[in-house]
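Start at 1 with the first residue, then count along the sequence.
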Amino acid sequence: MPSYRNPLLTVDIIIEVPGKGIILIERKNPPPGWAIPGGFVDYGETLEAAAIREAREETGMELVDLRQFHAYSDPLRDPRGHTVSVVFTALGKGSPLAADDAKNLRIFPLDDLPEDLAFDHASILSDYSESLKSRV
């Protein structure tokens, strides 16, 4: 049987805290920087279930109004290897707390994001910010 190399599937969740901004985690593991909460999809898991699990593991937050936003597939988006991320948006419910592979957690207004964003998250958040402007 031939061997195939396929990209790994991930989810990222833009968690909105109404009136405050979005949750970003400071990564405990390489690559360093601030990131949208997320991670790898487990075998047999739906994208939605992975998003809910990753949000709970990294932030302690429950998600309300989970919606698929976009997929990002640039082979260079993750320095560890080729990944495809399906990005979701949701409202966060609960008290955010850094956990799992999150060293730190902060709520950032979209117009005041940290400069050291990991992966392609600056591009994702720019797309998200533009999508909010087009809704108004």
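Residue Thr83 forms a side chain to side chain contact (heavy atoms under 4.5 Å, CB included) with just one option from Leu9, Leu8, Asp74, and that option is Leu8.
With sequence neighbours excluded, the residues that form a salt bridge (Lys or Arg N to Asp or Glu O under 4.0 Å) with Arg77 are Asp12, Asp120.
Contact annotation: the side chain of Arg106 approaches that of Trp34 to within less than 4.5 Å [non-hydrogen atoms, C-beta and beyond]. Contact of the Pro109 side chain with the Lys20 side chain is not registered, since no non-hydrogen atoms from C-beta on lie closer than 4.5 Å. In this structure, the side chains of Gln68 and Val86 come closer than 4.5 Å at one or more pairs of heavy atoms. In this structure, Pro79 and Phe119 have side chains that are in contact, with non-hydrogen atoms separated by less than 4.5 Å. Looking only at side-chain heavy atoms (C-beta outward), Phe40 and Glu54 stay at 4.5 Å or farther from each other. No side-chain heavy atom of Thr59 sits under 4.5 Å from any side-chain heavy atom of Ile13. When side chains are defined from C-beta on, Glu58 counts as touching Asp101, because their heavy atoms get closer than 4.5 Å. Annotation: side chain of Leu91 is in contact with side chain of Pro18 (closest heavy-atom distance under 4.5 Å).
A continuous path of hydrophobic side-chain contacts links Val11 to Leu66 [ILVMFWY only; heavy atoms under 4.5 Å]. A continuous path of ILVMFWY side-chain contacts below 4.5 Å connects Phe108 to Ile14, so both sit in one hydrophobic cluster. Following chains of ILVMFWY side-chain contacts shorter than 4.5 Å, one cannot reach Met61 starting from Tyr128, and the two form parts of different hydrophobic clusters. In this structure, Val17 is not a member of the same hydrophobic cluster as Val64, with clusters built from ILVMFWY side-chain heavy atoms closer than 4.5 Å.
From Thr89, atom OG1 reaches atom CD1 of Ile15 across 10.5 Å, with rounding to the nearest 0.5 Å. The line from CG of Leu105 to CD1 of Ile107 is 7.0 Å long, rounded to the nearest 0.5 Å.
Between the Arg53 side chain and the Arg56 main chain, no donor and acceptor come within less than 3.5 Å of each other. A distance-only check finds no donor-acceptor pair linking the side chain of Ser129 to the backbone of Ser126 [under 3.5 Å]. Judged by distance alone, with hydrogens and angles left aside, the side-chain atoms of His121 form a donor-acceptor pair with the main-chain N or O of Ile36 at under 3.5 Å. For the pair Glu130 (side chain) and Asp127 (backbone), a donor-acceptor distance under 3.5 Å is absent.
Ring geometry for Tyr72 against His70 counts as perpendicular: the plane angle is over 60°, on a 0 to 90° scale with 30° as the lower cut.
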For this session: List the steps and the verdict of side chain to side chain contact (heavy atoms under 4.5 Å, CB included) for Leu125 and Leu117.
Result: CA-CA 10 Å; Leu125 291 172; Leu117 288 168; 4.2 Å; yes
Exercise. Can you check side chain to side chain contact (heavy atoms under 4.5 Å, CB included) on Ile22 and Leu110, steps first, answer last?
Worked result: CA-CA 7 Å; Ile22 61 162; Leu110 274 173; 3.9 Å; yes
For this session: Decide yes or no on side chain to side chain contact (heavy atoms under 4.5 Å, CB included) for Leu113 and Leu24, but give the supporting numbers first.
Result: CA-CA 9 Å; Leu113 297 173; Leu24 294 179; 4.1 Å; yes
Exercise. Can you check side chain to side chain contact (heavy atoms under 4.5 Å, CB included) on Leu63 and Lys93, steps first, answer last?
Worked result: CA-CA 6 Å; Leu63 302 179; Lys93 182 179 171 188; over 6 Å; no
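The two residues Pro96 and Ile23 make their nearest non-hydrogen contact at CB-CD1, 3.9 Å. Looking at every heavy atom in both residues, Phe69 comes nearest to Ile124 through CE2-O, 4.2 Å. Between Pro75 and His82, the closest heavy-atom pair is CA-CD2, 3.5 Å.
The existence of a salt bridge linking Asp100 and Lys28 is excluded, since no basic side-chain nitrogen approaches an acidic carboxylate oxygen closer than 4.0 Å.
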